[in-house]
Amino acid sequence: MLFDSAHDRFIRRGGTLEQTPAWRALAEHFDHVKDLEMRRLFDDEPDRFARFSLELGPLLLDYSKHRITAETIALLVDLARAAGVPEAVSAMLGGERVNWTEDRAALHVALRDRSGRPVEVDGVDVMPAVHRVLDQMRAFSDAVRKGRWLGATGTPIRTVVNLGIGGSDLGPVMITRALGAFHDGPEVRFVSNVDASDFVETTRDLEPAETLFVVASKTFTTQETMTNARTARSWLVEALGEAAVARHFVALSTNREAVAAFGIDPANVFEFWDWVGGRYSSWSAIGLTIAIAVGFDRFLELLEGAHAMDRHLAEAPLEANIPAIMALLGIWYRNFFGAASHAVLPYDQYLDRFPAYLQQADMESNGKSVDRDGRRVGYATGPVVWGEPGTNGQHAFFQLIHQGTELIPCDFIGAVNPAHPIGDHHATLMANLLAQTEALMRGRTEAEARAELEGAGLDAEAVAALAPHKVFPGNRPSSTILLDRLTPRSLGMLIAAYEHKIFVQGVIWRVNSFDQWGVELGKVLARTILAEEQALLAGRDVDLSRHDSSTAGLLRRFAERTE
């Protein structure tokens, strides 16, 4: 059954979003405040930072540099309530089937639940199974880290290579890089692209006898992952023989039969469940490489941080709820200001893959155009999410953010205390973060530009010519998230905050944040085209009339020019 009665509280709310009184109230409010200048807001409200910032343990969210008033937040909270956000949060945390198109729960919060209480899916407590897999992960990661897990030649493992893609790659890659300062185990590497160059370059300097492959595929059929896994198997077998496979491969999968046929010992299969979505799976067995890199105790700290944010989501009122406020600010800019993209700018090199991780987490979740009732939506949903670490981005795309024609809300993320306190590196980094948020908010008026140029000794003609180019419109919104330190716990809180932000936005937009049907069509067509490529390369005639002329022409070109 696609829906059940438990979902009536939020899934089957009728009407369209724009027709709700809460939406109309926001639209009317927007007309009155859209031209407000943040400079003036800060001048008029000396306590603005205190009024528009939230804390949870080591994490601070400052959202004072937004084009909002207290009334804006109140009206946005009204919209969240009208959309059923509190009920939706309760349903998700309660294990209900909030992924309605696939008729299953989205219960990644259970993977990091540290409360000791039962968490049920369809009346069954899933926590014993979760803890069983965590115990298996601890035992295995400890064995590899301490040199007790030996390869086929009796040699300890020195490098672990994760073979996955999408959620089986982006999350573990991001987290292991983010926790780079805590690495004290074997080196962990990742192969995701089906392009052979990824595998070749990743394994170029590795010794097969010292290498362990982790195949991360729920179904053990993912095309890219299994192509790389078969290549890895051949690479290993050529060096060490067929019998070595069981000592150099483990699987994160639910398909035990296929795993055994590959040659992996069933004892070394790490289970996860259909209520764990790929982009939310780093908290599960998919995080095995994280545990190997930093140790299982630190992996648990990551889970504990995420669990703290889960409890905050469930318990804090919406107006003081970090993920909810992040979500509502996104709604404000996407749907009322028409902002089509959102920049995530971590001022911490260890978070260099965080924007890429969020690209999947956000755009795969809310890149939807059909609502709960199967209707095309008449409003904008998920924005384009992008970004790079500071200060690199300042020398690349910040020009467009400051003086371009697009309004681009930004999230700046930094740590108060650095992993490596060397000289004035961190003070310089954080000065740039703070300066950019202030510059985006304040801008530079023409009078200020003229005064600066005149102070530099330019004549009147030069001042008149250059001043327009030195004007910064300002009034560009940004949030700042400060962590006391980038640790496993604070990282877990940060990731969970964004996960829940995405979910809250999906509830308001009336889309399913947990399916990803848009990924499927290209995969289906790729299988057909692969068979046609192989036939053409073998010299057989192939009827390409099913394709458009562009695709057919490119296929022929590929076959004709392949050497």
Side-chain angles (χ1 to χ4, degrees), residues 33-55 59-70 72-73 322 325-326 329-330 332-333 337 339 341-349 351 355 386-418 424-453 455-456 467-484:
V33 303
K34 61 184 177 183
D35 295 322
L36 281 178
E37 294 182 1
M38 282 190 276
R39 272 193 183 207
R40 181 166 295 180
L41 291 174
F42 273 94
D43 289 342
D44 294 345
E45 300 171 341
D47 62 344
R48 188 169 173 83
F49 170 76
R51 294 177 65 197
F52 296 107
S53 62
L54 297 168
E55 290 186 69
L59 186 150
L60 167 75
L61 169 68
D62 168 26
Y63 64 101
S64 59
K65 292 189 179 83
H66 281 282
R67 293 163 70 168
I68 57 168
T69 65
T72 312
I73 294 300
I322 290 170
I325 291 296
M326 292 169 66
L329 290 169
W332 182 233
Y333 293 110
F337 283 91
S341 77
H342 186 98
V344 179
L345 310 165
Y347 276 63
D348 192 304
Q349 188 60 31
L351 288 172
W386 58 283
E388 282 288 330
T391 55
N392 293 5
Q394 293 176 200
H395 296 267
F397 50 77
F398 271 49
Q399 169 63 45
L400 185 146
I401 295 176
H402 278 286
Q403 290 186 305
T405 57
E406 294 293 322
L407 179 71
I408 302 173
C410 301
D411 289 351
F412 288 80
I413 304 170
V416 175
N417 298 286
D424 61 358
H425 279 267
H426 196 62
T428 302
L429 177 72
M430 293 304 290
N432 275 273
L433 182 158
L434 297 174
Q436 290 295 331
T437 67
E438 186 171 37
L440 285 167
M441 182 274 289
R442 291 187 63 81
R444 181 196 284 146
T445 66
E446 184 171 356
E448 290 168 340
R450 284 180 172 274
E452 180 184 285
L453 292 168
H469 302 281
K470 301 277 280 185
V471 171
F472 286 66
N475 222 23
R476 307 276 167 122
S478 68
S479 296
T480 300
I481 298 174
L482 287 184
L483 309 175
D484 288 348

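Source: prediction; values computed, not measured. Position 1 is the first residue of the sequence, and the numbers go up from there.
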Closest heavy-atom pair, Leu61 versus Ser479, reported as atoms and distance to 0.1 Å, is CD1-CB, 4.1 Å
Show the nearest heavy-atom pair for residues Ala70 and Arg51, with the distance to one decimal.
CB-NH2, 3.4 Å
I'd like to check the side chain to side chain contact (heavy atoms under 4.5 Å, CB included) partners of Asn432; sequence neighbours left out, ordered by chain and number.
Tyr347, Thr391, Gln394, Thr428
Is there side-chain contact between Asp411 and His342, with heavy atoms separated by less than 4.5 Å?
yes
How about His66 and Tyr333: does a side-chain donor come under 3.5 Å of a side-chain acceptor?
yes
Does the Glu406 side chain pair with the main chain of Ala339, one donor and one acceptor, at a distance under 3.5 Å?
no
Close side-chain approach of Leu407 and Arg67, heavy atoms under 4.5 Å:
yes
Measuring only between side-chain heavy atoms, which start at C-beta, is Ile413 closer than 4.5 Å to Asp348?
no
Taking Ala467's backbone N and O only, do any of them form a donor-acceptor pair with Arg450's side chain (distance below 3.5 Å, no angle check)?
no
Asp62 (side chain) donor-acceptor with Ser53 (main chain) under 3.5 angstrom
no
Exercise answer: donor-acceptor pairs, residues 433-441 side-chain atoms, under 3.5 Å, sequence neighbours excluded:
| from | atom 1 | to | atom 2 | distance (Å) |
| --- | --- | --- | --- | --- |
| Gln436 | OE1 | His402 | NE2 | 2.7 |
| Thr437 | OG1 | Lys65 | NZ | 3.4 |
| Thr437 | OG1 | Leu434 | O | 2.9 |

ring-ring contact (aromatic ring centres under 6.0 Å, His included) partners of His426, counting only residues at least two apart:
none
State, yes or no, whether a side-chain contact exists between Cys410 and Ile401 at a heavy-atom distance under 4.5 Å.
yes
Determine yes or no for a side-chain-to-main-chain donor-acceptor pair under 3.5 angstrom, with Arg48 supplying the side chain and Phe42 the backbone.
no
Donor-acceptor pair, Glu388 side chain versus Pro355 backbone, under 3.5 Å?
no
Passing candidate, side-chain contact (heavy atoms from CB on, under 4.5 Å) with Tyr63, options Ile481, Ile68, Ile322, Thr480
Ile68
Shortest non-hydrogen contact from Phe52 to Glu45?
CE1-OE1, 4.1 Å
